[in-house]
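Working notes, beginning with the structure itself.
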Amino acid sequence: MKKKLLTSRNKHPILKSSGKIELFSASKLQRSLKRTGLRPKYCKQISKEVAQKIKPGASTRDIFKHTIKLIHKKSPIAATHYSLKKSLLELGPTGYEFEYFVSKYFNAIGYTTYVGIILQGEFVRHEVDIVASKPNFQAYVECKFHNNSGRKNDIKTALYVKARWEDLKNGPDGKYLREFFIVSNTDFTQDAITYAKGVGLKLLGVNTPAEESFLDKIKKYKLYPITSLKRLKKSYCQELLLKKVVLCADLLEEKELLLKIGMSEQEIKAVFNDIHRMLEDNR
């Protein structure tokens, strides 16, 4: 007798972005909704409705589309938080856009930053994605951008970055090198996390640090990327990213640029209103 797939409520098999199959969990969805800051009663309502409507074989993308519509009806800022991982995936396609975004994070926590710097190690020269500086203190940052949320950063990445760190700290430009970060818009594997903790590498990603992930830090400092703006057309978004405008907050100072790339006064007003609501964070 053939085994039947589990298809009772809350136990539908779903397709993840990594290509793996797992059972849908309403409780897991509810926990992710709570992290958006949405009121508990809304988290319960939405997870229940999604659980009732999804079908066996649905993808995580299908679930996301249905869930985000329901969240947006309750709270636009919670919808921004829920879709933040997707917004980071859209900070491409080259990876340079993500580097500028990450540099903005280090600016927000008190560093002066330089993007794409060539430094001399003990044996060879290295291009460092970001140098974050304070008086007599430097942190070097390696950015790992992926277009697919299922692509994880594994132990090989951590080993490679640690080897670069050793060469750079012993070189003539490494006098003030104190920390080395790997920052990504996706997860780190458990092996990478364990190794990084053991050797002193700092990881910032969707699942790290465990107590306050990179996504949590973005919300904390309201560093929302312009890809979070639903009313900003993709064509405009790409032009802005090419000009290194990556944050919603910075866009408020770029009205002339927005007019120059073809946006109307009405479109600009609507986008600016959305940004003000995001930054006020009234849920």
Side-chain angles (χ1 to χ4, degrees), residues 14-20 22 24-38 43 46-47 50 54 58-72 74-95 97-105 108 143-154 157 181-190 192-193 203-230 232 234 237 241 246-249 274 278 281 283:
I14 58 171
L15 179 65
K16 298 187 70 178
S17 57
S18 62
K20 293 182 179 180
E22 72 171 29
F24 170 76
S25 169
S27 59
K28 184 177 178 181
L29 176 59
Q30 192 169 337
R31 287 195 298 273
S32 68
L33 291 173
K34 286 181 180 178
R35 289 196 293 271
T36 70
L38 199 62
C43 295
I46 291 171
S47 59
V50 173
I54 65 166
S59 67
T60 50
R61 180 177 294 183
D62 296 329
I63 295 169
F64 173 84
K65 286 181 179 178
H66 186 62
T67 305
I68 196 68
K69 288 179 182 178
L70 296 174
I71 300 173
H72 204 276
K74 303 297 183 183
S75 167
I77 185 62
T80 298
H81 285 180
Y82 187 75
S83 61
L84 186 55
K85 184 161 64 173
K86 180 175 179 290
S87 299
L88 292 182
L89 290 173
E90 294 171 351
L91 271 177
T94 66
E97 300 88 347
F98 183 64
E99 290 175 12
Y100 284 105
F101 177 79
V102 173
S103 75
K104 292 290 186 178
Y105 164 72
C143 295
K144 291 298 177 184
F145 174 81
H146 303 294
N147 293 296
N148 186 332
S149 62
R151 179 86 177 272
K152 293 186 177 183
N153 304 280
D154 60 19
T157 299
F181 286 80
I182 310 175
V183 186
S184 182
N185 62 332
T186 63
D187 288 344
F188 288 87
T189 65
Q190 188 56 54
I193 293 170
L203 302 183
L204 288 177
V206 170
N207 63 335
T208 53
E211 65 278 7
E212 187 180 49
S213 73
F214 188 40
L215 296 185
D216 294 327
K217 294 176 188 296
I218 291 169
K219 297 171 192 174
K220 178 179 179 179
Y221 295 103
K222 300 182 181 180
L223 302 173
Y224 305 117
I226 61 171
T227 46
S228 302
L229 295 165
K230 305 308 175 189
L232 185 64
K234 283 192 174 181
C237 193
L241 290 174
V246 294
L247 294 185
C248 289
D274 288 345
M278 291 163 67
D281 196 3
R283 275 166 282 185

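Computed from a predicted model, the values in this text were never measured in an experiment.
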How long is the span from the [atom1] atom in [X] to the [atom2] atom in [Y], to the nearest 0.5 Å?
X: F188; Y: S213; atom1: CZ; atom2: OG; answer: 11.5 Å
X: L215; Y: L223; atom1: CG; atom2: CG; answer: 12.0 Å
X: E212; Y: L204; atom1: CD; atom2: CG; answer: 9.5 Å
X: E90; Y: S228; atom1: CD; atom2: OG; answer: 8.5 Å
X: I226; Y: L91; atom1: CD1; atom2: CG; answer: 7.5 Å

Applying the ring-ring contact (aromatic ring centres under 6.0 Å, His included) test to Y105, which of Y100, F214, Y224 qualifies? F214
At their closest point, which heavy atom of [X] faces which heavy atom of [Y], and how far apart are they?
X: D187; Y: N207; answer: CA-OD1, 3.3 Å
X: L29; Y: S32; answer: O-OG, 2.7 Å
X: Y82; Y: I68; answer: CD2-CD1, 3.8 Å
X: L203; Y: P209; answer: O-CD, 3.7 Å
X: T227; Y: C237; answer: CG2-SG, 3.7 Å
X: L241; Y: G92; answer: CD1-O, 4.1 Å

When you compare the side chain of [Y] with that of [X], does any pair of heavy atoms fall below 4.5 Å?
X: L33; Y: T67; answer: yes
X: I46; Y: L38; answer: yes
X: K222; Y: M278; answer: no
X: C248; Y: L229; answer: yes
X: H81; Y: I71; answer: no
X: L88; Y: V206; answer: no
X: L89; Y: N148; answer: no
X: H66; Y: I54; answer: no

Residue list, side chain to side chain donor-acceptor pair (under 3.5 Å) with K104, at least two apart or on another chain: D250
Should we say atom NZ of K230 is surrounded by more than 12 heavy atoms from elsewhere, each under 6.0 Å from it? yes
Should we count NZ of K34 as having more than 12 external heavy atoms under 6.0 Å? no
Which of parallel (below 30°), tilted (30 to 60°) and perpendicular (above 60°) describes F145 and F98? tilted
Does [Y] offer a backbone N or O that forms a donor-acceptor pair with the side chain of [X] under 3.5 Å?
X: N185; Y: H146; answer: yes
X: S184; Y: K144; answer: yes
X: N153; Y: T189; answer: no
X: S83; Y: K86; answer: no
X: K219; Y: R35; answer: yes
X: T186; Y: R151; answer: yes

Who passes salt bridge (charged side-chain N to carboxylate O under 4.0 Å, His left out) against D154, sequence neighbours left out? K156
